[in-house]
**Student:** 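Just passing along the structure, written as structure tokens.
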Amino acid sequence: MEVEQVLRMKEGTGKDSYANNSKYQERVIEEVKTILEESIQQLYQIKLPECLVLADLGCSSGPNAHKVLLEIIDVVDRTCQNLNRQLPEFQVFLNDLPGNDFNTMFKSFPSLWKKLGQAKGSDFEISCFISGTPGSFYKRLFPSNFLHFAQSSYSLHWLSQVPKGLVVKDGAAFNKGNVHIGKTSPPNVHKAYQKQFEKDFMLFLSLRSQELVSGGHMVLTLPGSINSGESQAAWMLLSIALNDMVSEGLIEEEKADAFNIPMYFASAQEVKKLIEIEGSFTLRQLHTFDMKWDTPKFLADGIRAITEPLLTSSAFEGAIIDDLFRRYEEISMNYYMATGEVELHNLVISMSRNG
């Protein structure tokens, strides 16, 4: 599976779309608001640019890219009022992989300006130039010393590829019965995921250090784990649902065993160490918080919105997908009754470029 070619959130605005099933990610953005505001405010007060150049890396296609942009504009506006300065121009680049549903995202921008006008008043004027930037953020995206600020929310846990060695040439699966790091996964599976994350995250930092101006800021939010690469309940439940369908002959066992989710949930200690080793950034804040998925249906719909395109690319289609997530919701309900919750441990990283 070529991740760059197939990874995207569920497109459109239908009931199963990411646009309609990204409330959890929206709540995460709200939780991170204070750190984002502090970073933007300090950056602007130091740089005072006539045009503030921003990038949202892994913007996806839902309303959350709007939410982050509105918050940034609001912070800069309030800062300008305090400094008695004119609002700068904004140049905004929305980045995601080429398969992202950019059309739906850009069609929704009129509602963004309407919200901004309602919040700021009819006399509020702004020059904001927005462009889409398709491509992997594990490659160069912008010219050198170009960006003032970059942010990424719920994207950097996605790896550039499925870790090597999970399935060997003869089709044997080392992670049999699991779609991710599970409680039954052998140690080499965890090591493969960890190694891939370390490689990708270090590369990401190096690339962004070239694109950000000296002293430019970056805020990254990603789901993580308290301990390195812990088993995550959401993916354990998906493994159970797939295995049930395998046992009933509805899905081929080899096909299910070959499916591995290309994401890693790093600990705060791992991330801090990698930032120090790479050396291009000064860590300003590293904050963690836990947040629950509210209900089994909320969880099932959210997981479907982010995995359906990957499942489809692996030849799981149509009625199989519907059946899979019907089962997922039922299994989740039993899990909630037994444990009371499903939650994610989240990392918020605020840093500035050295030099």
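Quick note: residue numbers are just sequence positions, from 1. Fair warning: this is a prediction, and the values are worked out from it, not measured in the lab.
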**Student:** Could you check E198, K195, E270, H157 and say which one makes a side chain to side chain donor-acceptor pair (under 3.5 Å) with Y264?
**Tutor:** E270
**Student:** Can you tell me if K272 has over 12 outside heavy atoms packed within less than 6.0 Å of its NZ?
**Tutor:** no
**Student:** What distance separates L212 CG from N145 CG, expressed to the nearest 0.5 Å?
**Tutor:** 9.0 Å
**Student:** Does the salt bridge (charged side-chain N to carboxylate O under 4.0 Å, His left out) test come out yes or no for K23 and E26, once each step is laid out?
**Tutor:** CA-CA 5 Å; K23 293 295 184 183; E26 182 181 358; 3.6 Å; yes
**Student:** Stepwise, does the side chain to side chain donor-acceptor pair (under 3.5 Å) test hold for S267 with N227?
**Tutor:** CA-CA 6 Å; S267 68; N227 299 308; over 6 Å; no
**Student:** To the nearest 0.5 angstrom, please state how far the CG atom of L286 sits from the OG atom of S350.
**Tutor:** 10.0 Å
**Student:** Tell me, which pairs form a ring pair (Phe, Tyr, Trp, His ring centres under 6.0 Å) where one or both residues lie in residues 72-101, sequence neighbours left out?
**Tutor:** F93-F142, F93-F146
**Student:** I need the minimum non-hydrogen distance between P296 and E329, along with the two atoms involved.
**Tutor:** CB-O, 3.9 Å
**Student:** Let me see the working for E211 and S144 under side chain to side chain donor-acceptor pair (under 3.5 Å), right down to the final yes or no.
**Tutor:** CA-CA 4 Å; E211 297 166 350; S144 299; over 6 Å; no
**Student:** Can you list everything that forms a salt bridge (Lys or Arg N to Asp or Glu O under 4.0 Å) with D301? Sequence neighbours excluded, please.
**Tutor:** K297
**Student:** The criterion is salt bridge (Lys or Arg N to Asp or Glu O under 4.0 Å); which residues satisfy it with E71, sequence neighbours excluded?
**Tutor:** none
**Student:** Cut-off 3.5 Å, side chains only: do S280 and N354 have a donor facing an acceptor?
**Tutor:** no
**Student:** Between H66 and M105, which heavy-atom pair has the shortest distance, and what is it?
**Tutor:** NE2-O, 3.8 Å
**Student:** Any chain of hydrophobic side-chain contacts (each under 4.5 Å) joining I226 to V28?
**Tutor:** no
**Student:** Between atom CG of L43 and atom CD of E38, what is the distance when rounded to the nearest 0.5 Å?
**Tutor:** 10.5 Å
**Student:** Can you tell me if T221 and N346 form a side-chain donor-acceptor pair at under 3.5 Å?
**Tutor:** no
**Student:** Any luck finding a side-chain donor-acceptor pair between Q41 and R78 under 3.5 Å?
**Tutor:** no
**Student:** Which value, rounded to the nearest 0.5 Å, describes the distance between I320 atom CD1 and L311 atom CG?
**Tutor:** 10.0 Å
**Student:** How long is the span from the CG atom in D244 to the CD atom in E330, to the nearest 0.5 Å?
**Tutor:** 10.0 Å
**Student:** Find out whether L344 and Q232 are in side-chain contact, i.e. whether some heavy atom of one side chain is under 4.5 Å from a heavy atom of the other.
**Tutor:** yes
**Student:** Quick one: list whatever passes side chain to side chain donor-acceptor pair (under 3.5 Å) with E276, sequence neighbours left out.
**Tutor:** none
**Student:** Looking at R304 and D322, does any basic side-chain N land under 4.0 Å from a carboxylate oxygen?
**Tutor:** yes
**Student:** Hey, are the side chains of F204 and L57 touching, using non-hydrogen atoms and a 4.5 Å cut-off?
**Tutor:** yes
**Student:** Is L87 reachable from L48 through a run of hydrophobic residues whose side-chain heavy atoms are each under 4.5 Å from the next?
**Tutor:** yes
**Student:** Do you know which two heavy atoms are closest between S332 and L299, and how far apart they sit?
**Tutor:** OG-CD2, 3.9 Å
**Student:** Can you tell me how the ring of Y328 sits relative to the ring of F325, calling it parallel under 30°, perpendicular over 60° and tilted otherwise?
**Tutor:** tilted
**Student:** Does L36 share a hydrophobic cluster with F289, counting links as ILVMFWY side-chain heavy atoms below 4.5 Å and allowing steps through other members?
**Tutor:** yes
**Student:** Going through the distances and angles, do D56 and S152 end up as a side chain to side chain donor-acceptor pair (under 3.5 Å)?
**Tutor:** CA-CA 6 Å; D56 187 346; S152 179; 5.8 Å; no
**Student:** Please find the pair of heavy atoms, one from L347 and one from A268, that lie closest to each other, and give the distance.
**Tutor:** CD2-N, 4.0 Å
**Student:** Minimum heavy-atom separation for Y336 and T295, please, with both atom names.
**Tutor:** OH-O, 3.5 Å
**Student:** Under the rule for salt bridge (Lys or Arg N to Asp or Glu O under 4.0 Å), what residues qualify as partners of E31, not counting sequence neighbours?
**Tutor:** none
**Student:** Can we say R327 and D323 salt-bridge, meaning some charged N sits less than 4.0 Å from an Asp/Glu carboxylate O?
**Tutor:** yes
**Student:** Strictly distance-based, threshold 3.5 Å: is any side-chain N or O of N100 a donor or acceptor partner for the main-chain N or O of S60?
**Tutor:** yes
**Student:** Run the ring-ring contact (aromatic ring centres under 6.0 Å, His included) test on H180 and Y193 for me, step by step, so that the C-alpha distance in whole Å, both residues' side-chain angles and the decisive distance to 0.1 Å come before the verdict.
**Tutor:** CA-CA 9 Å; H180 195 251; Y193 270 99; 4.8 Å; yes
**Student:** Within the structure provided, determine whether N178 and N260 are in side-chain contact (heavy-atom separation under 4.5 Å).
**Tutor:** no
**Student:** Using the test salt bridge (Lys or Arg N to Asp or Glu O under 4.0 Å), find all partners of E50 that sit at least two apart in sequence or belong to another chain.
**Tutor:** none
**Student:** Taking the inter-plane angle between the rings of Y24 and W293 on a 0 to 90° scale, is it parallel (under 30°), tilted (30 to 60°) or perpendicular (over 60°)?
**Tutor:** parallel
**Student:** So if you build clusters from Ile, Leu, Val, Met, Phe, Trp, Tyr with side-chain heavy-atom gaps below 4.5 Å, do V213 and I40 land together?
**Tutor:** no
**Student:** Do the side chains of F106 and V92 join up, straight or via other hydrophobic residues, at under 4.5 Å, putting them in one cluster?
**Tutor:** yes
**Student:** Go through the side-chain N and O atoms of H217 and S39 and say whether any donor and acceptor fall under 3.5 Å apart.
**Tutor:** yes
**Student:** Could you measure the distance from the CD atom of Q151 to the CD1 atom of I72? Nearest 0.5 Å is fine.
**Tutor:** 6.0 Å
**Student:** Go through the steps to decide whether E308 and T312 satisfy the test side chain to side chain contact (heavy atoms under 4.5 Å, CB included), and finish with yes or no.
**Tutor:** CA-CA 6 Å; E308 183 171 340; T312 301; 4.0 Å; yes
**Student:** For A192 and L166, which heavy atoms make the closest approach, and how far apart are they?
**Tutor:** CB-CD2, 4.2 Å
